[in-house]
Amino acid sequence: MPKTIRELADELKVSKQTIQYHYQRLPAKNRQKDNQGTNMISLTAERIIRGKVTKPLVAKTQQTGSKKVTKTSKENNELIATLRREVTDLKSQRNKQIVTKDRQIAHLIRLIDQQQQLQLTTLEENRELKAHIQKISGLLETSGPFQKRQNSTSEEDVSKNKSNKNWWHFW
């Protein structure tokens, strides 16, 4: 049964223009029109068009397949060897970086320990100084009444000396 250009294009999943292009290049004996003037594709014309439309699709898939260069096993082995070398190089670099970071961390931990020890010794010294100051202030407080007596006697002596040293006593 003859088909229209649209039906064949839908069936082959190509555009109508592609079918129209191939239809126009068919020999005149394979082209038909119905009563309304619509182009009808006979079974022989359909086979010819199918052959032309599907060939480029097959050729395209073969070309894309041929574009992919297949490598020999030797080339693949060389590629694998270079990739393995790169991986080992990257691993060694990573290990070196880790060792360096570990050293830095150990150094920082030592510095923190030293700083904490210094802080503890400073705190202990501060406590000792406070205790010493309290001891001295306790001694000063106990000697306070004695000093007050000495201060009061010396003030009395000064006032006596003042009264005795007035200038009119000399006349």
Side-chain angles (χ1 to χ4, degrees), residues 1-33 38-144:
M1 176 166 196
K3 296 181 181 175
T4 63
I5 291 176
R6 175 176 285 178
E7 290 171 350
L8 185 61
D10 290 340
E11 190 176 308
L12 296 176
K13 297 181 182 174
V14 293
S15 66
K16 288 190 311 182
Q17 289 86 359
T18 304
I19 302 298
Q20 183 71 32
Y21 174 82
H22 291 291
Y23 180 77
Q24 289 174 353
R25 280 158 182 67
L26 289 175
K29 64 179 182 172
N30 290 335
R31 288 188 259 166
Q32 298 176 2
K33 292 193 182 222
T38 309
N39 291 330
M40 298 303 288
I41 301 172
S42 65
L43 290 175
T44 57
E46 183 180 338
R47 276 188 239 128
I48 294 171
I49 292 174
R50 274 184 191 270
K52 289 183 179 181
V53 170
T54 55
K55 279 183 184 177
L57 292 176
V58 171
K60 282 183 183 179
T61 56
Q62 286 176 352
Q63 284 177 355
T64 56
S66 66
K67 284 182 183 177
K68 295 179 184 175
V69 178
T70 57
K71 296 185 178 185
T72 63
S73 62
K74 184 178 180 182
E75 290 173 336
N76 286 338
N77 290 338
E78 289 174 2
L79 181 63
I80 289 170
T82 56
L83 289 175
R84 285 185 177 158
R85 280 192 300 265
E86 286 181 25
V87 167
T88 55
D89 289 343
L90 290 174
K91 283 182 179 179
S92 67
Q93 286 177 357
R94 182 194 65 199
N95 290 338
K96 287 178 184 176
Q97 289 175 348
I98 289 173
V99 167
T100 304
K101 293 294 178 188
D102 287 344
R103 285 187 201 141
Q104 291 173 346
I105 290 169
H107 179 70
L108 289 174
I109 288 173
R110 276 194 307 263
L111 289 176
I112 289 172
D113 286 343
Q114 289 174 355
Q115 199 238 344
Q116 287 175 347
Q117 289 173 359
L118 283 173
Q119 245 180 340
L120 284 174
T121 56
T122 306
L123 243 164
E124 186 61 34
E125 288 174 0
N126 284 345
R127 286 182 187 146
E128 290 174 7
L129 286 174
K130 283 182 182 179
H132 187 68
I133 289 172
Q134 288 176 350
K135 183 179 176 184
I136 291 175
S137 66
L139 288 175
L140 289 176
E141 288 174 2
T142 58
S143 67

Visitor: Let me check something: any side-chain donor-acceptor pairs from residues 107-126 under 3.5 Å, sequence neighbours excluded? List them with distances.
Guide:
from, atom 1, to, atom 2, distance (Å)
T121, OG1, Q117, O, 3.3
T121, OG1, L118, O, 2.8
T122, OG1, L118, O, 2.7

Visitor: Working to the nearest 0.5 angstrom, can you tell me the gap between I136 CD1 and Q134 CD?
Guide: 11.0 Å

Visitor: Rounded to the nearest 0.5 Å, how far apart are CG of D10 and CD1 of I5?
Guide: 12.0 Å

Visitor: With sequence neighbours left out, write down each residue that passes side-chain hydrogen bond (donor to acceptor under 3.5 Å, both in side chains) with T4, or none if nothing qualifies.
Guide: none

Visitor: Show your reasoning for whether side chain to side chain contact (heavy atoms under 4.5 Å, CB included) applies to L79 and E75.
Guide: CA-CA 6 Å; L79 181 63; E75 290 173 336; over 6 Å; no

Visitor: Are T18 and L12 close enough, and set up right, to give a side chain to side chain contact (heavy atoms under 4.5 Å, CB included), and what steps lead you there?
Guide: CA-CA 10 Å; T18 304; L12 296 176; over 6 Å; no

Visitor: With rounding to the nearest 0.5 angstrom, report the CG to CD1 distance, L43 to I48.
Guide: 11.5 Å

Visitor: Report yes if the side chains of N39 and Q20 come closer than 4.5 Å at any heavy-atom pair, otherwise no.
Guide: yes

Visitor: First locate atom CE of M40, then atom CD of Q32, and finally report the distance between them rounded to the nearest 0.5 Å.
Guide: 8.0 Å

Visitor: Please report the interatomic distance CZ(R6) to OG(S15), rounded to the nearest 0.5 Å.
Guide: 12.0 Å

Visitor: How about L8 and V53: do any of their side-chain heavy atoms sit closer than 4.5 Å?
Guide: no

Visitor: Enter the distance from I19:CD1 to E46:CD here, rounded to the nearest 0.5 Å.
Guide: 9.0 Å

